[in-house]
Q: 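Could you have a look at this structure, given as structure tokens, before my questions?
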Protein chains: 2
Amino acid sequence: MDAQTQARFEAQARIIKAMAHPTRLFIVDQLSKGEKCVFELTEMIGADMSTVSKHLAVLKAAGILSDSKRGLQVYYTLCCPCVMTFFNCVESVLRTNAEQHLSFVE
Amino acid sequence: MDAQTQARFEAQARIIKAMAHPTRLFIVDQLSKGEKCVFELTEMIGADMSTVSKHLAVLKAAGILSDSKRGLQVYYTLCCPCVMTFFNCVESVLRTNAEQHLSFVE
DNA sequence: TTGCTATTTGGTATTATAGCCAAATAGCAA
DNA sequence: TTGCTATTTGGCTATAATACCAAATAGCAA
């Protein structure tokens, strides 16, 4: 495996890793319906606001979200709506698992 | 967030987490071209065979790969070729990042 | 300025992940 | 059986991720 190929997989892994957490998937799902501020997301998630803020920072660092400060609030937006195709793809893996009685859902 | 919703995101996160490693992405990419045994993958990756074997076990546990033993070799196959749409999606996030001079590639 | 609210950052404990080596297991062949 | 090869598993260490609390920062308003 040459260095360039490796670098490409590392870059891809960084994006995927940023999505690899239930709370962050929830955030992406919510933001696909429109921007939200940290407080709104924190209420929905029910964790400490600092925890939510750090999850948002992870997604932003990966280039999945962007933020804009308006007054006291910071609003986060999905910058790459294509990310939503992730969900379809993952769901189809889950369905395949379910068919093979290897479901993680239930 | 109700328990069922949470369970769905946790199930999705497990699949995504299994993909969130450069070596495992490489494996998935290779297997998209056809089945390979552990030895072949180990040669390409250049890590310890036990390390490769553990990566394969992670992907298998997530329901992304299946294995079949034939003689001394264990052959691994992608059970969900849809997983390849991941790559397109991730690449488009990377392109967006690059456009915004936030590229992780270079 | 002071005070209030929204958010981020720092510190820390806990838990999970990754990689290697060594040992165990499985299958074939002599 | 013994020996050889392919693979997995166990043990270990090092590194990274997560979540909370507390403290710092930023912006508005009085």
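Residue numbering restarts at 1 for every chain, and letters A, B, ... go by the order of the sequence lines.
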Q: Within the pair A:Tyr76 and C:dT8, is there a side-chain N or O less than 4.0 Å away from OP1 or OP2?
A: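 Checking A:Tyr76 against C:dT8: at least one side-chain N or O falls below 4.0 Å of OP1 or OP2.
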Q: If I take atom NZ in residue A:Lys36 and atom P in nucleotide C:dT7, what distance separates them, rounded to the nearest angstrom?
A: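 Rounded to the whole Å, the gap is 13 Å.
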Q: Take the protein atom CZ of A:Phe39 and the nucleotide atom P of C:dC4, then report the distance between them rounded to whole Å.
A: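 To the nearest whole Å, that distance equals 17 Å.
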Q: Mind calculating the distance between CD (A:Glu43) and P (C:dT5) to the nearest angstrom?
A: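 About 15 Å, once rounded to whole Å.
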Q: How many whole angstroms separate atom OH of B:Tyr75 from atom P of D:dT7?
A: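 Whole-Å distance recorded here is 8 Å.
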Q: For A:Asp67, which residues count as a side-chain contact (heavy atoms from CB on, under 4.5 Å) partner, sequence neighbours excluded?
A: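 Partners of A:Asp67 by the side-chain contact (heavy atoms from CB on, under 4.5 Å) criterion, ordered by chain and then number, come out as A:Lys60, A:Val74, A:Tyr76.
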Q: Between C1' on D:dT7 and CD on B:Glu40, what's the gap in Å once rounded to a whole number?
A: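 In whole Å, D:dT7 C1' and B:Glu40 CD are 14 Å from each other.
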Q: What does nucleotides 24-29 of chain C look like as a protein-contact string, B for base, S for sugar-phosphate only, - for none, at under 4.0 angstrom between heavy atoms?
A: --SBS-
Q: In this structure, how many angstroms lie between the C1' atom of C:dT8 and the CD atom of A:Gln73, rounded?
A: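 After rounding, the reported distance stands at 15 Å.
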Q: Given 3.5 Å as the limit, does a donor-acceptor pair link the side chain of A:Arg70 with the main chain of A:Tyr75, or not?
A: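 A pair under 3.5 Å: no.
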Q: Would you give the length of the straight line joining atom CD of A:Glu10 to atom OG1 of B:Thr23, rounded to the nearest 0.5 angstrom?
A: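 If I round to the nearest 0.5 Å, the distance is 8.5 Å.
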Q: Measure across A:Val93 and B:Ala62 and return the closest heavy-atom pair with its distance rounded to 0.1 Å.
A: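 So the minimum-distance heavy-atom pair works out to CG1-O, 4.1 Å.
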Q: Any heavy-atom pair between the side chains of B:Thr77 and B:Leu65 that's under 4.5 Å?
A: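 No, their side chains stay 4.5 Å or more apart.
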Q: Quick one: side-chain contact (heavy atoms from CB on, under 4.5 Å) partners of B:Glu91, sequence neighbours excluded?
A: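 By the side-chain contact (heavy atoms from CB on, under 4.5 Å) rule, B:Glu91 matches A:Arg8, A:Gln12, B:Leu94, B:Arg95.
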Q: Could you give the distance from CG (B:Leu59) to SG (B:Cys80), rounded to the nearest 0.5 Å?
A: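 These two atoms lie 12.5 Å from each other.
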Q: Return the value, rounded to whole Å, for the distance between atom CG of A:Leu59 and atom C1' of C:dT7.
A: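 Whole-Å distance recorded here is 16 Å.
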Q: Using a 3.5 Å limit for the pairing distances, which stems of at least 3 consecutive Watson-Crick or G-U wobble pairs does DNA chain D take part in?
A: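 If one scans DNA chain D for consecutive Watson-Crick or G-U pairs, the stems found are C:1-30 with D:1-30.
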Q: A:Lys60 NZ to C:dT9 C1': how many Å, rounded?
A: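 About 14 Å, once rounded to whole Å.
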Q: Between A:Ser32 (side chain) and A:Asp29 (backbone), is there a donor-acceptor pair under 3.5 Å?
A: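 Yes, A:Ser32 side chain to A:Asp29 backbone: donor-acceptor pair under 3.5 Å.
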Q: For nucleotides 12-19 of chain C, just jot down a letter per nucleotide in 5' to 3' order: B, S or -, based on protein non-hydrogen atoms under 4.0 Å.
A: -----SSS
Q: At their closest point, which heavy atom of B:Phe87 faces which heavy atom of B:Leu25, and how far apart are they?
A: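 Heavy atoms of B:Phe87 and B:Leu25 come nearest at CZ-O, 3.7 Å.
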Q: Where is the tightest heavy-atom contact between A:Val83 and A:Met19, given as atom of each residue plus distance?
A: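 Taking A:Val83 first and A:Met19 second, the nearest heavy atoms are CG1-CE, 3.3 Å.
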Q: Which side-chain N or O atoms in residues 39-46 of chain B pair as donor and acceptor under 3.5 Å with protein atoms at least two apart or in another chain?
A:
unit_1	atom_1	unit_2	atom_2	d
B:Glu40	OE1	B:Cys37	N	2.9
B:Thr42	OG1	B:Val38	O	2.7

